Amino acid sequence: MSKDCIFCEIIRGDRPAEFVYQGDTVVAFNDINPKAPVHILVVPKKHIRSINDLTEADRDVVAELIFRAKEIAKDQGIARTGYKLTFNVEGGGGQIVFHLHMHLVGWK
Ligand code: 5GP
Ligand code: ZN
């Protein structure tokens, strides 16, 4: 957990969010500024700064992000119509929140 991280605050329950999933390893909540009818952030509970900071110990976390996204897409009714899974990496890649997260974006 990082004291000054807004996603750690959400995970701790210190900042409100519309959760769509809460598990042991990963949580998912609606993006505050959605770019599509479905725009969910799938976020590891562990504070990992970016894709560049992943270690071998994080392999299971990364797998869980993708498997959970697949289930959430199904729950949201966009599995067959289709969706995007995106990581923005560092400033040049559009990352503004430095707690690893995957965007799940889809159109119903
Ligand atoms: P990035 O550009 O870092 O990949 O994406 C960060 C995302 O977090 C943005 O799409 C932004 O709208 C979202 N975001 C920023 N602050 C908050 C917040 O306090 N709550 C929620 N739910 N989303 C946030
Ligand atoms: Zn964090």
Side-chain angles (χ1 to χ4, degrees):
M1 287 284 175
S2 174
K3 201 159 63 65
D4 302 323
C5 169
I6 58 174
F7 286 0
C8 282
E9 284 179 13
I10 288 172
I11 290 160
R12 280 199 302 268
D14 291 344
R15 178 188 283 260
E18 294 171 8
F19 284 96
V20 297
Y21 175 81
Q22 294 187 72
D24 290 340
T25 311
V26 159
V27 301
F29 47 85
N30 288 325
D31 195 292
I32 205 168
N33 183 22
K35 302 284 194 294
V38 176
H39 188 169
I40 291 165
L41 302 173
V42 190
V43 185
K45 283 182 155 178
K46 178 183 176 188
H47 181 87
I48 300 166
R49 191 186 152 279
S50 90
I51 286 280
N52 281 339
D53 296 83
L54 285 170
T55 69
E56 289 294 329
D58 299 320
R59 282 184 182 275
D60 289 351
V61 174
V62 174
E64 178 62 11
L65 285 176
I66 293 171
F67 275 95
R68 192 50 57 190
K70 182 192 78 158
E71 295 303 320
I72 294 168
K74 200 161 60 183
D75 293 346
Q76 297 284 324
I78 57 169
R80 292 291 157 218
T81 48
Y83 53 95
K84 291 180 200 254
L85 299 176
T86 312
F87 291 96
N88 296 328
V89 186
E90 305 295 342
Q95 186 173 7
I96 53 167
V97 176
F98 287 87
H99 178 134
L100 186 68
H101 54 279
M102 186 170 66
H103 296 258
L104 163 54
V105 176
W107 293 262
K108 291 197 181 189

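Order of listing sets the numbers, starting from 1, for every ligand and every atom in it. Because the structure is predicted, anything quoted here is derived from the model rather than measured.
- With respect to Lys45 and Asp24, no salt bridge is recorded, no charged nitrogen being found less than 4.0 Å from a carboxylate O.
- Atom 11 (C) of ligand 1 has its closest protein heavy atom at Asp31 OD1, 3.4 Å.
- Among residues two or more places apart in sequence or in another chain, the ring-ring contact (aromatic ring centres under 6.0 Å, His included) test is passed with Tyr21 by none.
- In this structure, the side chains of His103 and His39 come closer than 4.5 Å at one or more pairs of heavy atoms.
- At distances below 3.5 Å, at least one donor-acceptor pair connects side-chain atoms of Gln95 with backbone N or O atoms of Arg49.
- With a 4.0 Å heavy-atom cut-off, ligand 1 is reached by no atom of Glu18.
- Atom 22 (N) of ligand 1 has as its closest protein heavy atom Asn30 O, 2.9 Å.
- Under 4.0 angstrom from ligand 1, the non-hydrogen atoms of Ile10 all belong to its side chain.
- Under a 4.0 Å heavy-atom criterion, Gly94 is in contact with ligand 1.
- Around the Zn ion (ligand 2), the protein contributes the following N, O or S atoms at distances under 2.8 Å: Cys5 SG, Cys8 SG, His47 ND1, His99 ND1.
- No part of Phe87 comes within 4.0 Å of ligand 1, judged by heavy-atom distances.
- The nearest heavy-atom contact from the protein to atom 5 (O) of ligand 1 is His101 NE2, 3.1 Å.
- Just one of Leu100, Val27, Leu41 meets the side-chain contact (heavy atoms from CB on, under 4.5 Å) condition when paired with Phe7; it is Leu41.
- Cluster membership for Leu85 and Val42, using ILVMFWY side-chain heavy atoms within less than 4.5 angstrom, is shared.
- Going from atom CG of Asp53 over to atom NE2 of His99 covers 11.5 Å, rounded to the nearest 0.5 Å.
- A single hydrophobic cluster is seen to contain both Leu54 and Ile66, as judged by linkage of ILVMFWY side chains at heavy-atom distances under 4.5 Å, directly or through other members.
- Of the possible polar contacts, one joining the Lys108 side chain to the Gln76 backbone as a donor-acceptor pair under 3.5 Å is found.
- Here the side chains of Val38 and Trp107 are not in contact, with every heavy-atom distance at 4.5 Å or above.
- Only the side chain of Phe7 comes within contact range of ligand 1, with a heavy atom under 4.0 Å; no backbone atom does.
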